[in-house]
Amino acid sequence: MDIDGQPHANVFPDSEPKTIRLRLSEGDEVAPHSHPGRDIVFYLVEGTVEVKLDDDRYEVTAGDIARFEGEREISPRALEDSTALIVLSPRPED
């Protein structure tokens, strides 16, 4: 298992929920994207990240947790070297 991939590492590649380790250097950002059909938990292990969700911006610091629906467009940008653990859980079908 390769958990050293940059900037993403899929911690458990063949299981659910999908769990990603994201490591960003200061100034790095991830292009806007979404994860339809999933609930997202974004836990910042270290650093400070500006998380853009749709048109809203939030500053997340080490120890903070953000939870949101995967349909929202996310774009994180590191304000300093940062590491996050992201869990993408499939939403149950009705």
Side-chain angles (χ1 to χ4, degrees):
M1 160 174 42
D2 178 20
I3 60 170
D4 292 324
Q6 294 293 333
H8 300 89
N10 194 343
V11 179
F12 304 108
D14 298 322
S15 62
E16 291 288 350
K18 189 172 182 181
T19 306
I20 304 292
R21 193 266 306 130
L22 174 65
R23 185 175 297 146
L24 298 172
S25 297
E26 182 177 349
D28 286 352
E29 60 187 293
V30 177
H33 63 286
S34 62
H35 300 279
R38 294 188 177 262
D39 288 321
I40 312 298
V41 173
F42 182 99
Y43 170 67
L44 195 61
V45 177
E46 62 183 358
T48 304
V49 172
E50 179 187 74
V51 176
K52 183 176 179 190
L53 288 174
D54 300 324
D55 294 325
D56 301 318
R57 295 176 189 271
Y58 304 92
E59 188 171 299
V60 180
T61 58
D64 286 348
I65 297 174
R67 183 173 181 227
F68 54 94
E69 293 180 348
E71 283 73 18
R72 296 192 71 182
E73 187 173 79
I74 183 174
S75 179
R77 181 175 61 90
L79 302 179
E80 61 184 2
D81 293 352
S82 301
T83 301
L85 182 66
I86 306 165
V87 179
L88 301 93
S89 179
R91 193 171 301 122
E93 294 183 26
D94 294 332

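Residue indices begin at 1 and follow the sequence shown. Remember, predicted model here, so these are calculated numbers, not experimental data.
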- Item | Least distance between heavy atoms, Ala84 atom then Phe42 atom | CB-CZ, 3.7 Å
- Minimal heavy-atom distance between Leu44 and Gly47, with the atoms involved, is CD2-O, 3.3 Å
Would you mind reporting whether [Y] and [X] have side-chain heavy atoms less than 4.5 Å apart?
X: Val51; Y: Ile74; result: yes
X: Arg67; Y: Ile40; result: no
X: Arg77; Y: Val49; result: no
X: Asp81; Y: Leu24; result: no
X: Leu88; Y: Ile20; result: yes

- Task: State the CG-OH distance between Asp64 and Tyr58, to the nearest 0.5 angstrom.
- Result: 13.0 Å
- Roughly how far, to the nearest 0.5 Å, is CZ of Phe68 from NE2 of His35? 7.0 Å
- Got a sec, which pairs hit salt bridge (charged side-chain N to carboxylate O under 4.0 Å, His left out) with one end in residues 25-34, sequence neighbours left out? none
- Can you run down the salt bridge (charged side-chain N to carboxylate O under 4.0 Å, His left out) pairs that involve residues 31-45, sequence neighbours left out, and say none if there aren't any? Glu16-Arg38, Asp39-Arg91
Side chain [X], main chain [Y], donor-acceptor under 3.5 Å:
X: Thr61; Y: Glu59; value: no
X: Glu71; Y: Gly37; value: yes
X: Ser75; Y: Val30; value: yes
X: Ser82; Y: Thr48; value: yes

- Query: Under 4.5 Å between side-chain heavy atoms, hopping through other hydrophobics if needed: is there a path connecting Leu79 to Val45?
  - Reply: no
- Item | Evaluation steps, side-chain contact (heavy atoms from CB on, under 4.5 Å), between Ile65 and Val41 | CA-CA 7 Å; Ile65 297 174; Val41 173; 3.8 Å; yes
- Message: Suppose we screen for salt bridge (Lys or Arg N to Asp or Glu O under 4.0 Å). Which residues come up paired with Arg72, at least two apart in sequence or across chains?
- Response: Asp54, Asp56
- Message: Checking Glu73 against Ser34: is there a side-chain donor and acceptor pair closer than 3.5 Å?
- Response: no
